[in-house]
Amino acid sequence: MSDREIDQQLVERAQRGDKHAFELLVAKYQRKLIRLLSRFIRDATEVEDVAQEAFIKAYRALPNFRGDSAFYTWLYRIGINTAKNYLVAMGRRAPTSTAMDAEEAEDLGETELLQDLNTPENEMMSRQVADTVNQTLDKLPEDLRTAISLREMEGLSYEEIAAVMNCPIGTVRSRIFRAREAIAEQLRPMLGTGKDRRW
Amino acid sequence: MESVSTLMDGELNVDEAEGAIARLKSDTALREHWDSYHLIGDVMRGGVAGTPGFGTRFSERLALEPTVLAPRSRAARGSGRILQRFALPAVASAAAIAVVGWMLVGTAPTQDVTAGPVAVVPAPVAAPQALSAVKPDASQPLLPELVSSEPVQDYMLAHQGISPTTAIQGVAPYIRTVSSNGE
């Protein structure tokens, strides 16, 4: 089942009244949406407020989502409109429609964004998370590091990774999982558990 | 946990993915893995880690929202629509044809053998249905005189209800059998 089909599955469950399914989509796309909105709004608190509002609008509009486009394209469009409306309401000038659209948003360069977006506290926590991910990644055995890097950074399928690493697909699946678990294990003290500190 | 990792990479088949999603819905630990795996991926791709507590705050807002209920989406109906539009009507048509054919076959020999003699009988106006309800013995065709005689007409009229040419031919005897067994 492809990434888009997984989203579609989650959307359908949400459309049938399953709010948890929509929360899974939020967990998946919140950082991408925040990154997109930071193109329009520079203040971190405002960006989060608008992102939350955009997700709520998307949830309310779920009955209108027919699956003609990918969920993230639809979500990004809602996010852009929400940001523009917010800026207009605040008496600020919204970027022109040609400055950014949902398709362009998928190819955003990320590193230059949000440098000055976070509050000092959030920035510190975000930096800690990023450092922990990168440091743990560096310490991973080479086969695990290669597998997860080819997947997350190059976007290769398991079959392609198996061909590159000359190993069975099952081994690829296991290596990627073990790599994620090793990194997540280091992140857990930072992320907390339960509902109080979910990122 | 490995199924969550494989799910988010789009490498599970449909059944496995649906099972994994169903488990994600109910298992908090699995959902935390889903969250952290996506966070790791976003950070590795050079993105931001996001805002602490974003998910919690959103869940609180979402809890206040009325639950949406929507019809199934077009994409999801893909294979179902084909089934609905073509296969089901075809099966229904075939079933209807089979039933009609079965009924016709059940009555056809009766009419074939005796249609001629019976058709030419000037039947009394009061009992046309009785004539069509008769099932003559093919080896001894009924004489027109006998069929049109008053006692036979009365007999046939009285027994029209159990004639095999009724709409539930073949079923009525079965129903009687079941009823008697029940007693």
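Small disclaimer: the values here were computed from a predicted structure and weren't measured. A, B, ... follow the sequence lines: proteins, then strands. Residue 1 opens every chain.
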**Q** Does A/V172 belong to the same Ile/Leu/Val/Met/Phe/Trp/Tyr cluster as B/M1, with side-chain heavy atoms less than 4.5 Å apart forming each link?
**A** no
**Q** Which atoms form the tightest heavy-atom contact between B/H38 and A/R31, and what is the distance?
**A** C-NH2, 3.5 Å
**Q** Does one hydrophobic cluster hold both A/V164 and A/L144, with members joined at side-chain heavy-atom distances below 4.5 Å?
**A** no
**Q** In terms of heavy-atom pairs under 4.5 Å with chain B, which of A/E5, A/E48, A/Q128, A/Q9 leads?
**A** A/E48
**Q** Walk me through it: do B/D42 and A/K28 pass the test side chain to side chain contact (heavy atoms under 4.5 Å, CB included)?
**A** CA-CA 9 Å; B/D42 286 341; A/K28 181 175 180 178; over 6 Å; no
**Q** Show the nearest heavy-atom pair for residues B/P66 and A/Y59, with the distance to one decimal.
**A** O-CE2, 3.6 Å
**Q** What distance separates B/F58 CZ from A/Q30 CD, expressed to the nearest 0.5 Å?
**A** 10.0 Å
**Q** With a 4.5 angstrom heavy-atom cut-off, which part of B/L12 approaches chain A: side chain, backbone, both or neither?
**A** backbone
**Q** Quick check: is A/L87 connected to A/M90 through a chain of hydrophobic side chains (ILVMFWY, heavy atoms under 4.5 Å apart)?
**A** yes
**Q** Given that the side chain runs from C-beta out, which part of A/R13 has a heavy atom under 4.5 Å from chain B: side chain, backbone, both or neither?
**A** side chain
**Q** If you compare all heavy atoms of A/I176 against all heavy atoms of B/S5, which two are closest, and at what distance to 0.1 Å?
**A** CG2-OG, 4.0 Å
**Q** Can you tell me how far CZ of A/F55 sits from CG of B/L62, rounded to the nearest 0.5 angstrom?
**A** 11.0 Å
**Q** Is the shortest side-chain heavy-atom distance between B/M8 and A/D3 below 4.5 Å?
**A** no
**Q** The test is side chain to side chain contact (heavy atoms under 4.5 Å, CB included); show your working for A/E23 and B/R31 and say whether it passes.
**A** CA-CA 9 Å; A/E23 287 176 337; B/R31 285 182 56 198; 2.8 Å; yes
**Q** Sort A/A14 into side chain, backbone, both or neither according to what part of it lies under 4.5 angstrom from a heavy atom of chain B.
**A** backbone
**Q** Could you check whether any side-chain heavy atom of B/V68 comes within less than 4.5 Å of a side-chain heavy atom of A/F22, counting everything from C-beta outward?
**A** no
**Q** Could you have a look at A/R60, A/H20, A/M1 and say which one has the most heavy-atom pairs with chain B under 4.5 angstrom?
**A** A/M1
**Q** Find the distance between CG (B/D9) and CD1 (A/I148) and round it off to the nearest 0.5 Å.
**A** 8.5 Å
**Q** Is the shortest distance from a Lys or Arg side-chain nitrogen in A/R188 or B/E32 to a carboxylate oxygen in the other one below 4.0 Å?
**A** no
**Q** Closest approach of A/E181 and B/Y37, non-hydrogen atoms and distance?
**A** OE2-OH, 2.5 Å
**Q** Could you check if a side-chain atom of B/H33 sits within less than 4.5 angstrom of a side-chain atom of A/R180, using non-hydrogen atoms only?
**A** no
**Q** Indicate the atoms forming the closest heavy-atom contact of B/F54 with A/Q52, along with that distance.
**A** O-NE2, 3.2 Å
**Q** Using the salt bridge (Lys or Arg N to Asp or Glu O under 4.0 Å) rule, take A/K19 and B/E65 through it: C-alpha gap first, then chi angles, then the decisive distance, then the call.
**A** CA-CA 10 Å; A/K19 288 184 176 179; B/E65 288 291 313; over 6 Å; no
**Q** Measure B/A20 against the heavy atoms of chain A and call it side chain, backbone, both or neither at under 4.5 Å.
**A** neither
**Q** Testing the basics here: between A/A27 and B/D35, what is the closest heavy-atom pair and its distance to 0.1 Å?
**A** CB-OD1, 3.0 Å
**Q** Any idea which of A/I183, A/V11, A/I6, A/L24 has the most non-hydrogen atom pairs under 4.5 angstrom with chain B?
**A** A/L24
**Q** Flag the pair B/M44 / A/L137 as yes when at least one side-chain heavy-atom distance between them is below 4.5 Å, and no otherwise.
**A** yes
**Q** Do B/L7 and A/Y29 belong together in a cluster built from hydrophobic side chains that touch within less than 4.5 Å?
**A** yes
**Q** Nearest 0.5 Å please: distance from the OG atom of B/S36 over to the CD atom of A/E185.
**A** 10.0 Å
**Q** Within the 4.5 Å heavy-atom criterion, are B/E11 and A/R173 side-chain neighbours or not?
**A** no
**Q** Under a 4.5 Å heavy-atom cut-off, does chain B meet the side chain of A/T132, its backbone, both or neither?
**A** neither
**Q** Is B/N13 in contact with chain A via its backbone, its side chain, both, or neither, using a 4.5 Å heavy-atom distance?
**A** backbone
**Q** Most heavy-atom pairs under 4.5 angstrom with chain B, which of A/V26, A/I56, A/L10?
**A** A/I56
**Q** Please classify the contact between A/T136 and chain B as side chain, backbone, both or neither, with a heavy-atom cut-off of under 4.5 Å.
**A** neither
**Q** What part of B/E18 gets within 4.5 angstrom of chain A, counting heavy atoms only: side chain, backbone, both, or neither?
**A** both
**Q** Mind checking whether A/E53 and B/R61 have side chains closer than 4.5 Å, heavy atoms only?
**A** yes
**Q** Same cluster or not: A/L150 versus A/V133, using hydrophobic residues (I, L, V, M, F, W, Y) connected whenever any side-chain heavy atoms lie under 4.5 Å apart?
**A** no
